[in-house]
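Report on one structure; see the data block that follows.
As the structure is a computational prediction, the values presented were derived from the model and not from experiment.
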Amino acid sequence: MEKPIKYVKAAVTNSCVPACLAMVTGKTLKRVIKDIYEHWENEGRYSGLDDDIVDQYLSKNGYAVQRISHEYEPNKLLIPKWPVKPFAPIHIVDVWSSNPPGMHAVVMLKDGTVYDPSNKRIKDISMYQRVFAITGVWKVTDKIFDVK
């Protein structure tokens with residue numbers, strides 16, 4: 001049986017991705033930011049975190065990911081019937097949000113329920129203006145390797 005997700009609020013500017021990582025891994029926002037401190041201090045707190053940091057953090061903590069982007073590379077074709085239905089136990093979804101305005105990350109469960117770290121009232125992906133990418137996340141092991 002899967003653990004229920006615990007909602008984590010994006011308590012500081014540009015912390016939606018760390019808040020999503022906290023919800024996925026069951027850690028606190030403070031712990032995630034401490035774990036990625038170098039990236040957070042250098043760019044994350046100013047402009048957010050990119051997919052590479054998400055993938056590396058999840059991998060380090062025993063998760064596998066599969067990302068599907070609306071714009072299929074290398075042909076730059078838009079995937080029809082977008083967004084795709086949930087395909088993993090949990091997802092991190094890149095969306096365009098109006099509140100807060102701009103690029104944003106949210107968590108989506110396999111039943112489609114959304115946990116928005118900046119707006120607790122939003123519960124469905126259709127409430128966003130655009131969905132850019134959906135990253136499916138699977139727990140693989142407790143921990144693959146230790147980085148100090």
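- The side chain to side chain contact (heavy atoms under 4.5 Å, CB included) search around K76 returns E71, E73, not counting sequence neighbours.
- Rounding to the nearest 0.5 Å gives a distance of 15.5 Å between CE of M23 and NZ of K27.
- Applying the side chain to side chain donor-acceptor pair (under 3.5 Å) test to R31 and every residue at least two apart in sequence or in another chain returns D35.
- No more than 12 heavy atoms of other residues, nucleotides or ligands lie within 6.0 Å of OH in Y72, so this atom counts as exposed by the packing criterion.
- Partners of W82 by ring pair (Phe, Tyr, Trp, His ring centres under 6.0 Å), not counting sequence neighbours, listed by chain and number: H70.
- In this structure, the side chains of V95 and I125 come closer than 4.5 Å at one or more pairs of heavy atoms.
- Here ring-ring contact (aromatic ring centres under 6.0 Å, His included) pairs that include residues 121-140, with residues two or more places apart or in two chains, number zero.
- In the hydrophobic clustering of ILVMFWY residues, with side-chain heavy atoms under 4.5 Å counting as a link, V93 and I79 come out together.
- Side chains of K139 and N61: a donor-acceptor N/O pair is absent below 3.5 angstrom, by distance only.
- Of all heavy-atom pairs between S15 and A11, the closest is OG-N, 3.5 Å.
- Judged by distance alone, the side chain of T25 and the main-chain N or O of L21 form a donor-acceptor pair under 3.5 Å.
- For the atom pair K123 NZ and M108 CE, the distance stands at 14.0 Å (nearest 0.5 Å).
- Here A133 pairs with R67, S69, D94 under the side chain to side chain contact (heavy atoms under 4.5 Å, CB included) rule; sequence neighbours left out.
- Connection of V137 to V32 is established within a shared hydrophobic cluster, with ILVMFWY side chains joined at heavy-atom distances below 4.5 Å, either directly or through further cluster members.
- The side chain to side chain donor-acceptor pair (under 3.5 Å) check on Y115 picks up nothing, with sequence neighbours excluded.
- Listed by first then second residue, pairs satisfying salt bridge (Lys or Arg N to Asp or Glu O under 4.0 Å) with a partner in residues 5-15 number zero, not counting sequence neighbours.
- Take Y7 and apply the ring pair (Phe, Tyr, Trp, His ring centres under 6.0 Å) test, not counting sequence neighbours, and it matches no residue.
- Within the model, atoms CZ of R130 and OG of S98 stand 15.5 Å from one another, a figure rounded to the nearest 0.5 Å.
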Check the pair I122, V106 against side-chain contact (heavy atoms from CB on, under 4.5 Å), reporting the backbone distance first and the verdict last.
-> CA-CA 10 Å; I122 295 179; V106 301; over 6 Å; no

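- Residues K110 and F87 have side chains not in contact (no heavy-atom distance under 4.5 Å, counting atoms from C-beta outward).
- Counting all heavy atoms, side chain and backbone alike, V54 lies closest to V17 at CG2-CG1, 3.5 Å.
- A donor-acceptor pair under 3.5 Å is formed between the side chain of D50 and the backbone N or O of I53.
- Applying the side chain to side chain contact (heavy atoms under 4.5 Å, CB included) rule to A19 yields the partners V8, A10, L29, P117; only residues at least two apart in sequence or on another chain are considered.
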Please step through side-chain contact (heavy atoms from CB on, under 4.5 Å) for the pair V131 and W96, ending with a clear verdict.
-> CA-CA 6 Å; V131 175; W96 183 265; over 6 Å; no

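- Of the inter-residue distances, the one linking L58 atom CG with T135 atom OG1 reads 8.5 Å to the nearest 0.5 angstrom.
- To the nearest 0.5 Å, the span separating CG on D116 from OG on S97 amounts to 6.0 Å.
- Side-chain atoms of H104 never come within 3.5 Å of backbone atoms of P101 as a donor-acceptor pair (strictly under, hydrogens ignored).
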Audit row: I92, V24, side-chain contact (heavy atoms from CB on, under 4.5 Å) steps and yes/no | CA-CA 8 Å; I92 296 177; V24 169; 4.0 Å; yes

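- Remark: D111 engages T113 in a side chain to side chain donor-acceptor pair (under 3.5 Å) (not counting sequence neighbours).
- The side chain to side chain donor-acceptor pair (under 3.5 Å) search around D124 returns S126, not counting sequence neighbours.
- Going from atom CG of L109 over to atom CD1 of I90 covers 5.5 Å, rounded to the nearest 0.5 Å.
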